[in-house]
Protein chains: 2
Amino acid sequence: MSKVGGMEGNHILLDNPPLKEAYRFLRKGLAGKMLVFFIADCEVSYRGRARSYLSRGERLIVIKPDGSLLIHRDKGYEPVNWQPPDTVISTRLTDNHLLVKSVRKSVNEVVEIHIFDLKVLGCYRLKDIGTFTMYGREEDMKKAIEMFPSLIEEGFKVLRTERKVRPGFIDVFGVDSQGRLTVVELKSGTSSMDAVLQLKKYVDSLKKELGVTEIRGILASPRITKRGLQLLKTLKLEYKPLSPAKCLKYLERKKGLKL
Amino acid sequence: MSKVGGMEGNHILLDNPPLKEAYRFLRKGLAGKMLVFFIADCEVSYRGRARSYLSRGERLIVIKPDGSLLIHRDKGYEPVNWQPPDTVISTRLTDNHLLVKSVRKSVNEVVEIHIFDLKVLGCYRLKDIGTFTMYGREEDMKKAIEMFPSLIEEGFKVLRTERKVRPGFIDVFGVDSQGRLTVVELKSGTSSMDAVLQLKKYVDSLKKELGVTEIRGILASPRITKRGLQLLKTLKLEYKPLSPAKCLKYLERKKGLKL
DNA sequence: GCCTAGGTCCCGTTT
DNA sequence: AAACGGGGCCTAGGC
């Protein structure tokens, strides 16, 4: 049984197609820069930064017009095999199976799908000019602190954000009410020892660069791990509880609108 | 036009179904713990650790039997919105649209999809008992070094792997030909300053724990960034070029088989 | 549950 | 092209 829908160029939908028919329309979909998906009984091999082999079974496979490839089993957020955008997809039909190959040349990586049977094949051109907006990331915390420096502490003033130091950028650089230079490292989620070491790195770099012996280091985030806090205290750094949610409330108040 | 395939319980495939029909079979697929996918003209909102809003457009949506949810636009490896496994999916049909809601209670996070139109709906039970194996990760480097310590240097001996220290685990702990204690940090990819700081942390912790003043620290990876190497030298640590690929060759030689 | 560390991480941005 | 840091990162493994 092979039922077919929408063959007039807009989209393609094949129910349980024979390999040969699937091959024909798969090529059509790929050539037409459509979003292609299919459920296939297949084997998958990957070679590149690492190697992997997935033995035979049914999976959902998605190929996007930009060359990204996703192979999903029936569990989990992550694809079992994949390629990021900018791969070249090629196909080949032999007697008993269909090969789909995705090659990324920038970093030599190859995914090969050996297909023995297809349950369904769909090709669509997504009409999507929608806009995507996200709130509550580190960037929003930064904006809020620029507008409301007291979110860090009373008397705090921002000198600048994204200040360059040797190894990267300081999230927020300012002075406290006593006039002491202060480095603020922001995290939108839980801070762990990594974040503490990062702050330490920035404080030390800046001391060296400016030839100053005293610079305060403040880590601002909604939560910090126990070990992170321990390390922080050992290194004479400070912690300020601050959540993206609280920052957003301040931003909304300023703009007078709900996000 | 709504063509229908495989309604006998095995799978469901609807071509351009009216919302009402889609709703009925969507519920059927979800209740039957099938893999569900559809292409929909929709809006998406997310609230949890952060918030986001995606305005109207066509996307490919996948709901897995384990409760994971993926919403893909026609570009990129990553879904624009998603939920990891263990969410509760609910649906509601109103006059002019279909709502699909995914709630994760462990960390209060909600994704809502407002659907205005469906291009296709599929529900399948994936038959997949295949095995997945991967080679060339840090773990394989560790195994290879245990069997062939000279991969680090002549005369090197492994005392143990995964040795616990204050803040975590040392990848490989051993002694060199001079009897000096040595900490090895492995990276399967390019090492940057982070990796160097990680190694430093381990070396320092171990010095403290053992009351020893001299411990060698070796970072082994296929590549290291310029700044990483700079920092490494400043901190009196060492670099050993070592790739997963080379480790795999040694492992294959040992096992006498091709991976 | 918390916490650490790895990942074929991906991805944007800047040098 | 290299490199650094963020991410709703996700996921596995200890404790």
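Lettering of chains follows the sequences in order, A, B, ..., and the numbering in each one begins at 1.
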NA contact type, [X], heavy-atom cut-off 4.0 Å: base, sugar-phosphate, or nothing?
X      : value
B:R104 : base
A:D194 : nothing
A:E138 : sugar-phosphate
A:P85  : sugar-phosphate
B:S188 : sugar-phosphate

Which one is paired to C:dT13, where only Watson-Crick or G-U wobble pairs with both distances under 3.5 angstrom count?
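Paired with D:dA3.
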Counting only side-chain heavy atoms from C-beta out, which of [options] sits nearest to [X]?
X      : options               : result
B:W82  : D:dG8, C:dC10, C:dG7  : D:dG8
A:E185 : D:dC10, D:dG14, D:dG6 : D:dG6
B:T225 : C:dT8, D:dA3, D:dC10  : D:dA3
B:E78  : D:dG6, C:dC10, C:dA5  : C:dC10
B:M193 : D:dG8, C:dT4, D:dC4   : D:dC4
B:K226 : D:dG5, C:dT8, D:dA3   : D:dA3

Side-chain-base donor-acceptor pair under 3.5 Å for A:Q198 and D:dG5
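It does not, because no donor-acceptor pair links the side chain of A:Q198 to the base of D:dG5 below 3.5 Å.
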Check the side chains of B:S192 and B:D194 for a donor-acceptor pair under 3.5 angstrom, ignoring hydrogens and angles.
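No, because no side-chain N or O of B:D194 sits under 3.5 Å from a partner of the opposite role on B:S192.
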Atom [atom1] of [X] and atom [atom2] of [N]: how far apart are they, to the nearest Å?
X      : N      : atom1 : atom2 : answer
B:Y77  : C:dG12 : OH    : P     : 14 Å
B:D86  : D:dG8  : CG    : C1'   : 16 Å
B:L197 : C:dA5  : CG    : P     : 12 Å

Which sits closer to the 5' end of DNA chain C, B:K75 or B:D171, going by the nucleotide each is nearest to?
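Of the two residues, B:D171 wins.
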More 5' along DNA chain C: A:Y46 or A:S192, using each one's nearest nucleotide?
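Here A:S192 is the residue nearer the 5' end.
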Would one find more than 12 heavy atoms of other residues, nucleotides or ligands at under 6.0 Å from atom NZ of B:K207?
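Count over threshold, so yes.
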Could B:E43 and B:R56 be called an ion pair, given the rule that one side-chain N must be under 4.0 Å from one carboxylate O?
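Not counted as a salt bridge, because no side-chain N and carboxylate O are separated by less than 4.0 Å.
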Salt bridge (charged side-chain N to carboxylate O under 4.0 Å, His left out) against B:R216, all qualifying residues, sequence neighbours excluded:
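For B:R216 the salt bridge (charged side-chain N to carboxylate O under 4.0 Å, His left out) partners, ignoring immediate neighbours, are B:E153, B:D176, B:E238.
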Hey, what's the ring geometry for B:Y77 with A:W82, parallel, tilted or perpendicular (30° and 60° as the breaks)?
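Geometry flag for A:W82 against B:Y77: tilted rings.
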